[in-house]
Structure formats: structure tokens, C-alpha cells
Amino acid sequence: MEEKRVNRNYAAMMAVVVLSVLCIIAGAILAIDAAFPVAGFIYVTSGFAIVGGCWLVLRFFMKAEYMSVSNYDFSTGILLIVAGILLIIQAKAIVPYFIYVLGILLIVLGVCVLQFFLQCAFMRGPFSAFLNFVFAAAIIALGSAFFLADGKTLLANLTYFYLGVMLAGILGILSLLMTFIRSVKYERWLSLSTKRNVEDEPYTETYLDVKRSRDRNLEDQPFTVKELPPEPNPGRLWNEPVDEGTSDESDETEDKKTEE
């Protein structure tokens with residue numbers, strides 16, 4: 001039976017969800033009130049990082065992820081915990097550079113959506129792949145604009161930038177949902193195509209199949225014992241010459257002895 005493939009990359013999926021939700025909340029709040037204390041948002045982000053890191057470390061041991069060479073949940077979890085603690089300690093110092101923190105989060109989210117584009121492209125989903133590519137390009141461009149735009153231009157259009165952050169979070173959620181639906185459809189297509197190929201494939205008998213059937217037929221045949229003729233000239237050596245006359249006389253004398 002064909003083994004069912006299991007997706008173990010829950011950490012990346014949760015990272016996309018958390019980043020998207022944070023972008024939606026931060027963009028909506030800051031678009032409504034630009035004077036909102038962003039230190040609170042930094043504390044919330046740090047809390048998400050610490051909780052997510054602890055979850056990854058615990059899952060690494062509880063789910064026996066250490067048996068997979070390609071799994072880095074433990075190291076990723078430790079890095080998230082350390083980053084969260086450092087953000088809490090330096091929250092007030094990061095407030096003047098908060099706009100760049102948002103830009104970094106958007107670029108990370110855009111790279112994740114860019115991977116969704118590649119996944120959908122390989123999973124025979126051209127339309128979803130195209131949408132994911134457009135979403136990734138838009139999110140990465142917006143995140144880069146926080147670093148490339150002039151300070152005066154950025155401050156003059158800050159509300160629009162915050163609305164763009166909220167829109168980027170929504171696009172991240174939509175991209176994740178599209179990729180999930182595409183993966184489910186692709187799994188069904190693979191199972192159907194595999195079943196169809198097995199049914200259409202002609203049966204070919206290999207050497208081992210022939211040998212097993214031959215051995216089985218030999219085992220099923222009845223066992224018969226054939227009676228062998230009596231041995232001529234018993235008791236004589238194989239290279240001893242035999243005289244026909246003497247052999248007849250010796251046979252007669254032996255018969256008489258047996259009769260007596």
C-alpha cells in the first residue's frame with residue numbers, strides 16, 4: 001500500500017498566519033490612529049515570538065522531530081525566544097525605527113508567498129500560481145518602499161502605507177488558503193492517476209513468479225514410490241568379474257539354503 005504523505009511543516013504555515021494577522025491588526029490600528037503607541041505592538045509581537053518558539057521546541061521533542069534530518073524546529077524555536085526577549089528589552093529603543101520593522105515583516109511575508117507561487121506552479125495550478133506571484137511581488141514591493149521612499153514622502157502618505165500593510169496581511173491569508181486548496185486537489189489527482197495506471201498496466205510474469213508457481217505445483221503433486229528391481233549378484237564387488245554359470249549355481253544353492 002502506498003504511504004500517505006504528511007506535511008510536517010507546520011512552523012512555516014503558522015509563521016505566515018501570525019505575520020498576516022499582525023500586519024492586519026497593526027495596519028488597521030495605525031491607519032485609524034497614527035499616534036497609537038507602537039510599543040504595545042512590539043510587545044505583542046515579542047509575545048507571539050516567545051510563545052511560538054516554546055511551541056516549536058516542545059513539538060520537536062513530543063513529535064520526535066529529531067528523527068528528521070531536515071527539521072530545524074528546535075533551533076528556530078530558540079532563535080524566536082531569544083528574538084522575543086531582546087525585542088521586549090529594547091522595545092522603547094525600537095519605536096523610532098518601527099516603520100522599518102514593518103518593512104522587514106512585509107518582506108518576510110512576501111518571500112513566504114513567493115514560495116506558495118512555486119508550490120502552486122509545481123502542483124499544476126497555473127491560475128493560483130499567477131495570483132500568488134502577483135501577491136508576492138506586491139507585498140515585497142511595499143516592504144521595500146518603507147526603506148526606499150524619502151522620509152517626507154513616507155510621512156505625508158503614512159496612512160496609505162498602513163492601509164497597504166493591512167492589505168498585505170489579507171493577501172497573505174488568501175495566498176495560504178489558495179495553496180492549501182491547491183495541495184488538496186493535487187493530492188486527489190495523484191491518487192486517481194496512480195490508481196488508473198495500476199488498473200491499465202498489463203500483468204507481466206517475472207522469473208520469481210514463474211519459480212514460485214513451479215515450486216507450488218511440485219508441492220501439490222502426489223508422492224509415489226517406484227519399486228526397484230532386485231540387485232543382481234548381491235554381495236560382490238563392482239569390479240569383480242561375474243561368471244554366468246557360477247552365478248546361476250550360486251543362486252540355486254542360495255535358494256536351497258533359504259528353503260531349508
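Between Ala26 and Leu102, the shortest heavy-atom distance links the atoms CB-CD2, 4.5 Å. Taking both residues in full, the closest heavy atoms of Cys23 and Leu109 are given as SG-CD2, 4.5 Å, listed atom of the first, atom of the second, then distance. Between Ser20 and Gly169, the closest heavy-atom pair is CB-O, 3.3 Å. Nearest approach of Leu106 to Ala168, heavy atoms of both residues: CD2-CB, 3.5 Å. The nearest pair of heavy atoms linking Ser46 to Gly84 is CB-O, 3.4 Å. Taking each heavy atom of Leu163 and Ala31 in turn, the nearest pair found is CD2-CB, 3.7 Å.
The aromatic rings of Trp189 and Tyr186 sit parallel, their planes meeting at an angle under 30°, below the 60° perpendicular limit.
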Working for side-chain contact (heavy atoms from CB on, under 4.5 Å), residues Val184 and Glu187: CA-CA 5 Å; Val184 172; Glu187 287 286 343; 5.8 Å; no
Trace of the side-chain contact (heavy atoms from CB on, under 4.5 Å) decision for Val113 with Ile139: CA-CA 9 Å; Val113 176; Ile139 295 172; 4.1 Å; yes
side-chain contact (heavy atoms from CB on, under 4.5 Å) between Val16 and Phe116, worked out: CA-CA 11 Å; Val16 173; Phe116 293 157; 4.0 Å; yes
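Taking CZ of Arg188 as the start and OG of Ser193 as the end, the distance is 14.0 Å to the nearest 0.5 Å. To the nearest 0.5 Å, atoms CD1 (Ile173) and CD1 (Ile170) are separated by 9.5 Å.
Residue Tyr160 is found outside any hydrophobic cluster, as its side-chain heavy atoms come under 4.5 Å of no other Ile, Leu, Val, Met, Phe, Trp or Tyr.
Tracing side-chain contacts under 4.5 Å through hydrophobic residues (I, L, V, M, F, W, Y), one never reaches Val51 starting from Leu79; they form parts of separate clusters. Each of Leu131 and Ile181 belongs to its own hydrophobic cluster when Ile, Leu, Val, Met, Phe, Trp and Tyr are linked at side-chain heavy-atom distances under 4.5 angstrom. Cluster annotation: Phe127 is connected to Leu176 through the hydrophobic network of ILVMFWY side chains, with a link wherever side-chain heavy atoms come within less than 4.5 Å. Trp55 and Leu58 fall into different hydrophobic clusters, where Ile, Leu, Val, Met, Phe, Trp and Tyr are joined by side-chain heavy atoms under 4.5 Å apart, directly or via other members. With hydrophobic clusters built from ILVMFWY side chains whose heavy atoms lie under 4.5 angstrom apart, Leu118 does not share a cluster with Phe135.
Residues Ile89 and Ile85 have side chains in contact (heavy-atom distance under 4.5 Å, counting atoms from C-beta outward). At least one side-chain heavy atom of Ile81 sits less than 4.5 Å from a side-chain heavy atom of Cys54. Ile50 is listed as a side-chain neighbour of Ile88, based on a closest heavy-atom distance under 4.5 Å.
The only option from Val165, Val38, Ile99 that meets the side-chain contact (heavy atoms from CB on, under 4.5 Å) definition with Leu30 turns out to be Val38.
For Phe61, the ring pair (Phe, Tyr, Trp, His ring centres under 6.0 Å) partners at least two apart in sequence or on another chain are Phe74. Take Ile25 and apply the side-chain contact (heavy atoms from CB on, under 4.5 Å) test, not counting sequence neighbours, and it matches Val21, Ile29. Partners of Phe133 according to the side-chain contact (heavy atoms from CB on, under 4.5 Å) rule, which considers only residues two or more places apart in sequence or in another chain, are Leu114, Phe117. By the side-chain contact (heavy atoms from CB on, under 4.5 Å) test, Leu22 pairs with Val18, Phe41, Val44, Thr45, Phe48, sequence neighbours left out. Phe130 is linked by a side-chain contact (heavy atoms from CB on, under 4.5 Å) to Val134, counting only residues two or more places apart in sequence or in another chain.
Applying the side-chain hydrogen bond (donor to acceptor under 3.5 Å, both in side chains) test to pairs two or more places apart or on separate chains, those with a residue in residues 166-178 are Asn132-Ser175. Applying the ring pair (Phe, Tyr, Trp, His ring centres under 6.0 Å) definition to pairs two or more places apart or across chains, none involves residues 162-183.
A side-chain donor-acceptor contact under 3.5 Å links Arg182 to the backbone of Met123.
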List the atom pairs, with distances to 0.1 Å, where a side-chain N or O of residues 144-158 and a protein N or O form a donor-acceptor pair under 3.5 Å, not counting sequence neighbours.
from: Ser144; atom 1: OG; to: Ile140; atom 2: O; distance (Å): 2.9
from: Asp150; atom 1: OD2; to: Lys152; atom 2: N; distance (Å): 3.4
from: Asn157; atom 1: ND2; to: Thr153; atom 2: O; distance (Å): 3.0

